[in-house]
Structures are given as C-alpha cells and as structure tokens.
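Position 1 is the first residue of the sequence, and the numbers go up from there.
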Amino acid sequence: MPTAVLTDHERTAVQAYLRLLQTVRAAMDGPPGTGRPPVVPPSALAEAERALAAAGLTGNEEAFFRLLHTWCPEV
C-alpha cells in the first residue's frame, strides 16, 4: 500500500477534521432525554474551515476524503 506524504497544510486539515468529528461524536453522545439538539462549538467548525482553505481543499471534498482515508483509514 503506498504511503501518502501529506503537506503541513493537508495534515493540519486532516487533524482539524478529526477533532471536529470527535467533537460531534461527543455532542451526539451527550445526556439523552434532554430534548436539546447536540451543539458543536463554532470554534471547532471555524478551525476545520480555516485548515481546509489553507490546504486548498475547500470545495474539493473528494480529494480531502481521499487524503483522510489514506492517512487515517479507520475513519
């Protein structure tokens, strides 16, 4: 299996996405029966958006998810 060598910006984008994913999972696993929708902090979304833009991956989900799968196949 070929090893992908990510640029610093690509690595930052993948890491920001993984943090966002963990935040969303934690929000979804919050206290059941509260009647409140899960809340994801705007800062987590903003970090991911900035990182994707810096890596040139904004609007190019196919390339991003290909990088993500190569670097972190369990996601």
Inset, instruction - Would you please name every residue forming a side chain to side chain donor-acceptor pair (under 3.5 Å) with R50, sequence neighbours left out? - result: none
Inset, instruction - Might you point out which heavy atoms bring A55 and A13 nearest each other, and give the distance in Å? - result: CB-CB, 4.1 Å
Legend entry - Inter- and intrachain pairs under salt bridge (charged side-chain N to carboxylate O under 4.0 Å, His left out), touching residues 12-24, at least two apart: R19-E47
Inset, instruction - Can you measure from CD (E10) to CG (L52) and round to the nearest 0.5 angstrom? - result: 11.0 Å
Legend entry - Contacts of A63 that satisfy side-chain contact (heavy atoms from CB on, under 4.5 Å) - sequence neighbours left out: L57, N60, R66
Inset, instruction - Would you please name every residue forming a side-chain contact (heavy atoms from CB on, under 4.5 Å) with R11, sequence neighbours left out? - result: L6, D8, Q15, W71
